[in-house]
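Within every chain, numbering begins at 1; the chains are lettered A, B, ... in the order of the sequence lines, protein sequences first and strands thereafter.
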Amino acid sequence: MRFFWRYRRRCFPASFAADIMSAAMDRYNPHELESRWQRVWREEKSFEVPNPSEPAAADRSKKSYVLEMLPYPSGSLHMGHVKNYTMGDVIARFRFRNGFTVFHPMGYDAFGLPAENAAINTGLHPAQLTRINTDNINQQLHRLGVSIDWSRELATCDPEYYKWTQYFFLRFFERGLAYRKEAAVNWCPSCATVLANEQVLQGACERCDTDVETRSLAQWFFRITDYAERLLEDFELLESWPERVITMQRNWIGRSEGAEVIFRVEDMDIDIPVFTTRPDTLFGATFFLLAPEHELVDTLVAGTPREQAVREYAMRTRLKTAVDRAETDREKTGEFTGRYATNPVNSEKIPIYVSDYVLMEYGTGAIMSVPAHDQRDFEFARKFGIEVREVVSGRLEEGEAAELGDGATMNAAFEAGGVMVNSGSFDGMNNLEAGRAITRWLESEGKGKAAVSYRLRDWLVSRQRYWGAPIPIIYCEKCGVVPVPEQDLPVLLPEVEDYAPRGQSPIAANLDFVNTVCPGCEGAARRETDTMDTFVDSSWYFLRYTDPHNNAEAFNRNVVNYWMPVDQYIGGVEHAILHLMYARFFTKVLYDLDMVDFPEPFHNLFTQGMIYYRGAKMSKSKGNVVNPDEHVEKYGADTLRLYILFMGPPELDVEWQDQGIEGTYRFLGRVWRLVNEVVERTADTGYTPDFTGVEKRALKLVRKSNQTIAKVTADISERYRFNTAISAVMELVNDSYLAKDALFETDEGGGVLRFMARTVVSLLDPFAPHICAELWERLGHERLWEETWPKADERFIQEETYELVLQVNGKVRDRVQAPANAGKDDLLELARGSQKIATCTEGKKVVKEIVIPGRLVNLVVK
RNA sequence: GCGGGCGUGGCGGAAUGGCAGACGCGCCAGCCUUAGGAGCUGGUAGGGUUAUCCCCUAUGGAGGUUCAAAUCCUCUCGCCCGCACCA
């Protein structure tokens with residue numbers, strides 16, 4: 001209170017302060033009040049939930065795991081985080097008050113490049129820097145009043161955590177799901193590390209936008225492609241995920257059905273398989289293509305006159321950046337190898353070319369080319385003067401006699417379906433049917449088979465950087481690749497003098513770390529010096545929360561099965577593919593390892609929209625960042641939380657408006673004054689909610705209160721429409737301001753106002769928990785955050801009468817009050833009784849009468 | 001090119017077949033006040049008008065279905081997002 005006085009003296013003339021004080025009502029002061037309640041929650045550990053003592057037997061029906069994506073501690077929280085954590089908090093607090101045991105943990109995705117880059121610049125150890133940032137974020141989250149179980153806080157860079165990340169790596173390795181392979185990989189010259197396919201956007205590094213190069217390096221991969229089919233199938237197990245996220249993952253996995261067909265190279269004892277989605281067009285294959293990087297290219301041309309030209313072409317391709325090669329409207333290029341392949345269906349010899357539009361990473365790196373029915377092949381054929389032979393006709397009816405195709409005159413490939421021509425015994429068939437028939441024929445001849453191909457590649461997890469979990473592998477001259485024994489975990493990240501990347505991890509410079517003893521033969525050996533992709537860390541953190549202090553195992557199986565799966569996951573759509581797919585993959589592997597009982601980690605996913613400012617995404621480079629701390633400083637956390645949810649539907653992108661937040665601040669001030677006036681002017685006569693006999697004006701407010709309870713409850717629980725929930729409370733507050741002066745006159749009215757005030761405070765609590773806790777206390781109650789959520793009284797939801805809309809030919813002509821229980825005939829009677837309706841229908845014939853009770857009557861006249 | 005989303009007042013948005021514009025911002029007016037960047041009350045889509053009355057038009061545009069369309073269907077324009085030589 002003393003602070004309060006000083007504050008006011010400083011800001012306003014003394015006379016003003018005295019004036020306000022004489023009203024015996026203090027001003028809404030969010031800072032004092034918010035820190036008070038934050039202290040209570042922190043000291044009482046209000047939101048900590050212990051694990052059940054018998055998790056295997058515990059009832060799971062009332063548990064709810066509410067999770068927001070953990071922040072990357074690069075400095076401090078931005079508005080997107082505030083939105084994310086506020087939404088999660090509203091859901092968590094709402095569920096808690098509805099009787100759920102809410103599990104709501106928090107942690108930090110603390111490994112990664114930014115901390116390391118900052119360390120290079122500042123000289124601070126990445127661990128120190130990370131600690132500063134996580135402490136800061138912890139403070140920010142407390143200042144937002146988020147209901148977190150802080151006893152479970154974790155950081156993925158702690159050895160107690162990454163020990164288990166390494167443990168999982170070893171289990172993956174045992175299963176053959178982690179493997180090392182020399183491969184052409186994406187290399188970012190600026191970050192000096194390799195990148196996963198998922199981190200390359202338009203041929204450029206996701207993080208720094210530098211053009212990505214291709215390098216051949218020995219790297220560790222996780223065999224996520226083994227799980228492609230299950231990642232697709234198990235979308236069915238999800239309860240509620242945004243359709244577009246599922247679509248994005250589906251596209252990313254890129255499943256295609258077709259056939260693998262074996263072509264034999266003439267005069268050489270070599271078979272080359274190709275994958276095609278169009279086995280029906282096999283008779284139209286007039287040439288054959290290899291990717292320039294294909295391993296057989298050298299063999300095919302060695303010692304032939306074509307050798308030099310082909311090698312030069314392959315070399316040029318290698319020098320091209322991924323960006324250049326991804327350019328789709330480039331003219332087709334290629335070189336003839338001088339070799340021919342035999343088409344298995346008709347024994348025809350077709351020329352083999354190399355061309356850079358064939359990608360080594362997809363299918364088998366070789367294709368059969370059907371220029372009549374593939375636009376890319378068509379362009380190549382026209383440029384190199386190769387025959388275009390039509391084998392699927394769009395101009396014939398099924399079963400009609402085949403005619404000669406017009407390949408020579410086509411000016412584009414015909415990619416649609418049709419009737420087979422020029423295809424031997426398959427002529428006249430529908431092309432889809434023919435595709436299946438040809439595949440069966442190939443299978444019977446041993447020259448091919450039905451096949452499925454995926455766009456998804458294995459997950460490259462090696463990173464040549466410092467600030468990550470070391471890959472727990474040892475290389476021994478004698479024993480080869482040896483996993484670090486489990487009891488030796490964690491492999492601690494060693495100290496280094498210089499974090500700057502040099503094309504290999506900075507760890508490689510620490511010879512004490514690198515030189516070790518082989519666990520197998522005890523001979524001299526070297527440690528792996530690469531660290532793991534940080535997406536590995538965040539692929540299982542939600543499991544560790546359930547048992548974060550377990551030193552003996554990553555988590556207790558019964559405990560993890562009790563809390564998991566996550567009932568509501570909330571985060572940005574930018575993680576639609578990367579994190580969400582990796583976490584699904586990880587969970588499936590653990591399921592197969594029999595460590596967890598659930599194949600999907602996140603049953604419900606909500607992706608929030610972004611907050612824009614001045615027409616663009618907030619970003620430091622554009623200088624249009626709105627800092628949440630400043631707004632907490634100015635208006636308090638409650639106002640910021642309320643505004644951010646009031647701005648619009650949470651899944652849509654919205655524009656931050658500087659003046660908008662003023663409005664929510666004013667609203668909370670209005671609530672503050674209203675409830676305080678009720679506290680002062682009415683006696684707390686105890687809880688007597690039966691208002692059946694009260695007079696009309698009071699009854700109206702009782703109704704509005706109950707309607708608001710119903711609306712807010714539905715908006716939060718069924719639709720996550722926080723904006724409309726908040727506006728409903730605003731309506732109730734507005735109505736109360738208009739009614740209060742009359743209601744204060746009577747005891748009955750006072751009782752109704754008390755009920756209204758309790759309702760407002762109770763409903764607003766998930767959004768603005770501090771002010772509500774304070775007002776609840778002033779209303780003579782305790783611990784609002786534990787209070788049972790109010791339930792609307794059915795008797796007071798329905799109005800006695802409603803406004804019936806009267807239409808003539810669909811146009812509104814009049815409105816009348818109708819009893820709530822009136823039947824169709826009564827409503828029609830009311831309509832006929834209207835003077836305006838009579839005028840409109842005069843002299844005309846009513847041809848149809850539409851009566852929708854509760855809404856309108858529409859008379860159709862001629 | 002393929003896939004998905006969005007388009008409503010000056011602005012953020014409400015309304016999921018049934019009164020378009022809830023709620024908030026901004027703006028205008030009144031009250032209160034020595035004073036207001038405070039508070040309270042009222043008004044605010046556009047056009048017409050005989051002006052507290054009444055009418056017409058309006059949800060990117062054009063058609064359609066329906067007694068009734070912001071909402072469903074077809075075409076079209078614009079913006080945003082994802083994927084993109086994937087055989």
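- Distances from the side chain of A/Lys811 to the nucleotides B/rC11, B/rG42, B/rU57 place B/rU57 closest.
- With no hydrogens or angles considered, a side-chain donor-acceptor pair links A/Tyr357 and A/Asp377 at under 3.5 Å.
- Taking atom P on both nucleotides, B/rU16 is separated from B/rC11 by 23 Å, rounded to a whole Å.
- Between A/Ser727 and B/rG13 there is no side-chain polar atom (N or O) within less than 4.0 angstrom of OP1 or OP2.
- No more than 12 heavy-atom neighbours from other residues, nucleotides or ligands sit within 6.0 angstrom of CD on A/Glu633.
- B/rG42 takes the anti form, because its glycosidic angle lies more than 90° either side of 0.
- Considering only the side chain of A/Gln657, B/rG12 comes nearest among B/rG12, B/rA87, B/rU41.
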Can you list the steps and then say if A/Arg255 with A/Glu229 is a salt bridge (charged side-chain N to carboxylate O under 4.0 Å, His left out)?
CA-CA 8 Å; A/Arg255 183 182 197 277; A/Glu229 201 59 45; 3.1 Å; yes
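- Ion pairing of A/Glu651 with A/Arg244 is absent here, as no side-chain N (NZ or NE/NH1/NH2) approaches a carboxylate O to less than 4.0 Å.
- Among the protein residues, A/Leu289 comes within range of no part of the nucleic acid, since none of its heavy atoms lies under 4.0 Å from any strand.
- Toward the 5′ end of RNA chain B lies the nearest nucleotide of A/Leu652, the other residue of the pair A/Gly663 and A/Leu652 mapping further downstream.
- Remark: C1' of B/rC85 and CD1 of A/Ile367 are 9 Å apart, rounded to the nearest angstrom.
- With distances taken from any side-chain atom of A/Lys332 to the nucleotides B/rU41, B/rG13, B/rC85, the minimum falls on B/rC85.
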Under 3.5 Å between N/O atoms: give me all the protein pairs with nucleotides 15-19 of chain B, atom names plus distance.
from   : atom 1 : to       : atom 2 : distance (Å)
B/rA15 : OP1    : A/Arg719 : NH2    : 3.3
B/rA15 : OP2    : A/Arg721 : NH2    : 3.2
B/rC19 : O2     : A/Arg815 : NE     : 3.3
B/rC19 : O2     : A/Arg815 : NH1    : 3.3
B/rC19 : O2     : A/Arg815 : NH2    : 3.3
B/rC19 : N3     : A/Glu803 : OE1    : 3.1

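- Rounded to whole Å, the P atom of B/rC25 lies 42 Å from the corresponding atom of B/rC75.
- Atom name P, nucleotides B/rC72 and B/rG46: the rounded distance is 28 Å, in whole Å.
- Spacing of C1' atoms, B/rG10 relative to B/rU34, comes out at 36 Å, to the nearest Å.
- Pairing for B/rC85 is absent, with no Watson-Crick or G-U wobble pair whose two atom distances lie under 3.5 Å.
- Here the side chain of A/Val358 is nearest to one of B/rC40, B/rA87, B/rG82, namely B/rA87.
- B/rU52 is unpaired under the criterion used here, namely a Watson-Crick or G-U wobble arrangement in which both key atom distances are under 3.5 Å.
- Between the CE atom of A/Met368 and the P atom of B/rA87 there is a distance of 12 Å, rounded to whole Å.
- A salt bridge does not link A/Glu745 with A/Arg697: every distance from a Lys NZ or Arg NE/NH1/NH2 to an Asp or Glu carboxylate oxygen is 4.0 Å or more.
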Would A/Ser355 and A/Tyr353 count as a side chain to side chain contact (heavy atoms under 4.5 Å, CB included) if you check the C-alpha gap in whole Å, the side-chain angles of each, and the deciding distance to 0.1 Å?
CA-CA 6 Å; A/Ser355 175; A/Tyr353 287 75; 5.6 Å; no
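- Within 4.0 Å (heavy atoms only), A/Arg813 reaches sugar-phosphate atoms of the nucleic acid but no base atom.
- The same atom, C1', is picked in B/rG9 and in B/rA62; the two are 23 Å apart, to the nearest Å.
- Contact between the side-chain N/O atoms of A/Asn251 and the OP1/OP2 oxygens of B/rA84 is not found at any separation under 4.0 Å.
- If you check B/rC67 for Watson-Crick or wobble pairing at under 3.5 angstrom, you find it paired to B/rG18.
- One finds a side-chain N or O of A/Arg673 lying less than 4.0 angstrom from the OP1 or OP2 phosphate oxygen of B/rC40.
- Note that A/Arg681 lies in the cation-pi zone of A/Phe744, set by a 6.0 Å cut-off to the ring centre and a 45° limit from the axis.
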Please evaluate residues A/Phe380 and A/Phe287 with respect to the criterion ring pair (Phe, Tyr, Trp, His ring centres under 6.0 Å), reporting the C-alpha separation (whole Å), side-chain torsions for both, the decisive distance (0.1 Å), and the verdict.
CA-CA 10 Å; A/Phe380 191 93; A/Phe287 60 106; 5.1 Å; yes
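- At B/rU41, none of the side-chain N or O atoms of A/Tyr737 fall inside 4.0 Å of OP1 or OP2 (strictly under the cut-off).
- The partner of B/rA38, taking Watson-Crick or G-U wobble pairs whose two distances both stay under 3.5 Å, does not exist in any strand shown.
- The distance from atom OH of A/Tyr665 to atom P of B/rG39 is 9 Å, rounded to the nearest whole Å.
- Rounded to whole Å, the distance from CD on A/Glu651 to C1' on B/rC80 is 16 Å.
- Comparing B/rG24, B/rC83, B/rG82 against the side chain of A/Met248 picks out B/rG82 as the nearest.
- Straight-line distance between the P atoms of B/rU50 and B/rG43: roughly 24 Å, to the nearest whole Å.
- Base pairing of B/rA58: no nucleotide in any strand meets the Watson-Crick or G-U wobble criterion (both distances under 3.5 Å).
- The pairing partner recorded for B/rG24 is B/rC11, the criterion being a Watson-Crick or G-U wobble arrangement whose two distances lie under 3.5 angstrom.
- Considering only the side chain of A/Asp356, B/rC85 comes nearest among B/rC85, B/rG39, B/rG13.
- Look at A/Asn723 and you won't find any side-chain N or O under 4.0 angstrom from OP1 or OP2 of B/rA22.
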Is there a ring pair (Phe, Tyr, Trp, His ring centres under 6.0 Å) between A/Trp656 and A/Tyr612? Walk through the geometry before answering.
CA-CA 6 Å; A/Trp656 177 275; A/Tyr612 283 70; over 10 Å; no
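- Across A/Asn343, A/Ile438, A/Val392, a single residue satisfies side-chain contact (heavy atoms from CB on, under 4.5 Å) together with A/Phe283, and that is A/Ile438.
- Using Watson-Crick or G-U wobble geometry with both donor-acceptor distances under 3.5 Å, B/rU33 finds no partner in any strand shown.
- A close approach under 4.0 Å does occur between a side-chain nitrogen or oxygen of A/Arg666 and OP1 or OP2 of B/rG26.
- Counting to the nearest Å, the P atom of B/rC11 and the CD atom of A/Glu655 are 12 Å from each other.
- Nearest-nucleotide positions on RNA chain B for A/Glu662 and A/Gly365 put A/Glu662 closer to the 5' end.
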